Every structure is written in C-alpha cells, then in structure tokens.
Amino acid sequence: MTSNILLARIIASIADLLLIIVYAFILFGISKIFIADNPDEELLNPIFAQIIGFLTLTLPVFLFSCIAELSEWKATPGKKLCKLVVISESPDRKQSIFIRNLLKYLPWELAHTGVHGLMYHHRIGETTPAWVWFFLIMPQILVFIYFLSLILNKGQQSMYDKIAGIHIESKA
C-alpha cells in the first residue's frame, strides 16, 4: 500500500505540474502582449524580472497549493485525482501547510533567481558570476534530496513534509 502512495504522489505531482504549465503559458501569452518584441531595459533587469515572476507565478501557485491543502479536500487537484490527502501532525494545520509549501516551492524560486541572473549576464555579455551558478545548482540538489527522502519514506513523507509535520495518506 505504501509503495502505491509513492506512485500516486508522482502522478499527482505530474497532474499538478500540468496545471501550473497551463497557467504559465497563459502568463507568457499575456507578457508577450505587454512586452512585445522590444522590451524596455528596465524589464530586462533580473531583480525586476524576479519580482514580476514571483508575484505572477510563484506566489499564486504557492497560495493555491496552501488553500487547496487547507480546504475540505486536504489536497491539490493532482492529489485529489489520486485520492491522497495531506494530514498535519501539528495542532496548527495552517502553519504546517504554509511551511510545507514554502519548502516545497523554495527550489523552484531559487532556480528562477538563477535563470534570471543567467539570462541577464548572457544578454549584457558578461561572464556568469558564481552566485548565479549557486542559484542554478542548489535547487537541483534540494529536489534530489526531496525526491530521495520521498523514496526512502515510501511516499508518505518528503523532507519538507517531515520538517512541516505533515504526512500524506491514501483515501483509496
């Protein structure tokens, strides 16, 4: 049964990721309308790009995940599809869900920082600084650790679940 939870979590993650990709494509289409082919130099600034990306992509996805997991579903759409629920071991469920999703999406936001820095330095013709490489490599390491912890715990807890006091159960 527990190995089924691991497979169900992987499928649920893929389903949720497909929803995020659809949302990201919509954002991309909207950005093309506003930026067109000749963006202002200010829009190319990596700090500005990071803020816009965070406010329009990461924050809404983070909040949606928190709200979905705090709802009566206790699950994102992907988890609901796979009959999984997020169970808090803490008396403060809201805080646990918040911490869980903060840690879950942290590698994603770190990677965005690296990509914005890489694109900026490439565009201005400078050598990519070490800090950019840190922001490109660290998320890969974190995701590997998250996935490894998920495998070792047979799908019931990833490292970010364990830190947040969360575990995943099957309703099937």
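The structure displayed is predicted, hence computed values, not measured ones. For the numbers below, each heavy atom of this structure counts, side chains included, while hydrogens, waters and symmetry mates do not.
When hydrophobic side chains of Ile, Leu, Val, Met, Phe, Trp and Tyr are connected at separations under 4.5 Å, Leu148 ends up clustered with Phe144, Leu152. Hydrophobic side-chain contacts under 4.5 Å tie Ile87 into a cluster, directly or through other members, with Val85.
What you find for Leu81 and Ala15 is that their closest heavy atoms are CD2-CB, 4.2 Å. Listed here is the closest heavy atom pair of Leu84 and Ser170: CD2-CA, 4.0 Å. Of all heavy-atom pairs spanning Leu27 and Thr56, the tightest one is CD1-O, 3.1 Å. Shortest non-hydrogen contact noted between Pro107 and Pro139 is O-CB, 3.2 Å. The two residues Ser96 and Ser88 have their closest heavy-atom pair at OG-OG, 3.3 Å. Nearest heavy atom pair, residue Cys82 against residue Ile11, reads SG-CG2, 3.6 Å.
The ring pair (Phe, Tyr, Trp, His ring centres under 6.0 Å) contacts involving residues 147-172 comprise Tyr146-Tyr160, where partners must be two or more places apart or lie in separate chains. Annotation: salt bridge (Lys or Arg N to Asp or Glu O under 4.0 Å) contacts involving residues 130-150, sequence neighbours excluded, are absent. Residue pairs satisfying the salt bridge (Lys or Arg N to Asp or Glu O under 4.0 Å) criterion with at least one member in residues 80-91, sequence neighbours excluded, are absent. For the side chain to side chain donor-acceptor pair (under 3.5 Å) condition, no pair includes a residue of residues 18-28, sequence neighbours left out.
Among residues two or more places apart in sequence or in another chain, the side chain to side chain donor-acceptor pair (under 3.5 Å) test is passed with Arg9 by Asp161. Scored by the side chain to side chain donor-acceptor pair (under 3.5 Å) test, His121 finds Glu126 as partners (sequence neighbours excluded). Listed by chain and number, the residues in a ring pair (Phe, Tyr, Trp, His ring centres under 6.0 Å) with His112 are Trp108 (sequence neighbours excluded). Under the side-chain contact (heavy atoms from CB on, under 4.5 Å) criterion, Leu17 pairs with Ile21, sequence neighbours left out. Every residue two or more places apart in sequence or in another chain was checked for a side chain to side chain donor-acceptor pair (under 3.5 Å) with Gln95, and none qualifies.
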Just distance, no hydrogens or angles: give the donor-acceptor pairs under 3.5 Å from side chains in residues 59-75, sequence neighbours left out.
from, atom 1, to, atom 2, distance (Å)
Ser65, OG, Val61, O, 3.1
Ser65, OG, Tyr105, OH, 2.8
Glu69, OE1, Arg100, NH1, 3.4
Glu69, OE1, Asn101, ND2, 2.9
Glu69, OE2, Lys79, NZ, 3.3
Glu69, OE2, Arg100, NH1, 2.9
Ser71, OG, Ala68, O, 2.6
Ser71, OG, Trp73, N, 3.1

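In the hydrophobic clustering of this structure, Val22 groups with Ile30; members are Ile, Leu, Val, Met, Phe, Trp, Tyr whose side-chain heavy atoms approach within less than 4.5 Å, directly or through other members. Leu19 and Ile14 are assigned to two separate hydrophobic clusters, defined by single-linkage of ILVMFWY side chains at heavy-atom distances under 4.5 Å.
Counted within 6.0 Å of CH2 on Trp131, heavy atoms from surrounding residues, nucleotides or ligands total more than 12; the atom is thus considered enclosed.
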Residues Ile145, Ile141; criterion side-chain contact (heavy atoms from CB on, under 4.5 Å); working and verdict: CA-CA 6 Å; Ile145 291 169; Ile141 294 169; 3.9 Å; yes
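A distance of 11.5 Å separates NE2 of His116 from CD1 of Ile47, quoted to the nearest 0.5 Å.
Judged by distance alone, with hydrogens and angles left aside, the side-chain atoms of Ser158 form no donor-acceptor pair with the main-chain N or O of Ser149 at under 3.5 Å.
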